Amino acid sequence: MTTGPASPESNPADIHALLTRPPVEAGPVSLGLGAVPVRPVGTPTGPLRPTAPPSPQARLAVVVLAVCGALSFPLYRNGASARVYGLALAVSVLCVFLALVLAVRSTAPVLAAAVVVPAAVAAGQLFEGTLVHSAGLSRALDLALAPSWLAGTAGVVASLTALASLVARLTWQSPRGTTARPTSDASRSAD
């Protein structure tokens, strides 16, 4: 027989000590791309940042964007080419997609996209024949479910509503990492 240190398998007390000891807190592990946090097993994972419900302005923008997407939906192909139909369908789907994303997360980049996309729809409706002479664009705008003047108006309203929501968010959003400090009048004590 060989003599040497006893292995943990041979002593039941050591096995019990190994099984009942608390988990080791591990720090970030560097893999060359940056620090990756390591969580002990059983630690619940949650969102990185708590999500706040959308503001009333963002909720209104969601509704108006969904209406804009529904009004610009190409119900029938009516002999249009696949490229023209795809353009009309993409504009409609993009408006509805932005409405869904905005309903879940009303961040500044999403609000900025919600300003630009319906504005492009409205600009296409407005400049269709005066500044822009494109048969494909004209045909794509004619495929919309609603008349072009109504889809263009919905685009303008959606863009302005999203712009108002964006301005409200940027105005009333507190900067990251700062805490509210009392004003100089509030911090003075009464004499």
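All values derive from a computational prediction rather than experimental measurement. All heavy atoms count here, side chains included; hydrogens, waters and symmetry mates do not.
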Please report the shortest heavy-atom distance between [X] and [Y], naming the atom on each side.
X: A122; Y: G155; answer: CB-C, 4.1 Å
X: A66; Y: V96; answer: O-CG2, 4.4 Å
X: V115; Y: L163; answer: CG2-N, 3.3 Å
X: A158; Y: C68; answer: CB-CB, 4.2 Å
X: A144; Y: S72; answer: CB-CA, 3.9 Å
X: S106; Y: L111; answer: O-CD1, 4.3 Å

Give, for atom [atom1] of [X] and atom [atom2] of [Y], the distance between the pair rounded to the nearest 0.5 Å.
X: L89; Y: L75; atom1: CG; atom2: CG; value: 11.0 Å
X: S159; Y: L65; atom1: OG; atom2: CG; value: 9.0 Å
X: C95; Y: L102; atom1: SG; atom2: CG; value: 12.0 Å

Stepwise side-chain contact (heavy atoms from CB on, under 4.5 Å) check, V93 with F73: CA-CA 8 Å; V93 168; F73 184 77; 5.5 Å; no
Please say yes or no: joined through hydrophobic side-chain contacts below 4.5 Å, possibly via intermediate residues, are [X] and [Y] part of one cluster?
X: V84; Y: L145; value: yes
X: V67; Y: L143; value: no
X: V62; Y: V64; value: no
X: V110; Y: L94; value: yes
X: L166; Y: L98; value: yes

Donor-acceptor under 3.5 Å (T161 side chain, V157 main chain):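 A pair under 3.5 Å: yes.
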Short side-chain to backbone donor-acceptor contact, T153 and W149, under 3.5 Å: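 Checked: pair present.
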F97, CZ atom: more than 12 neighbouring heavy atoms under 6.0 Å: no
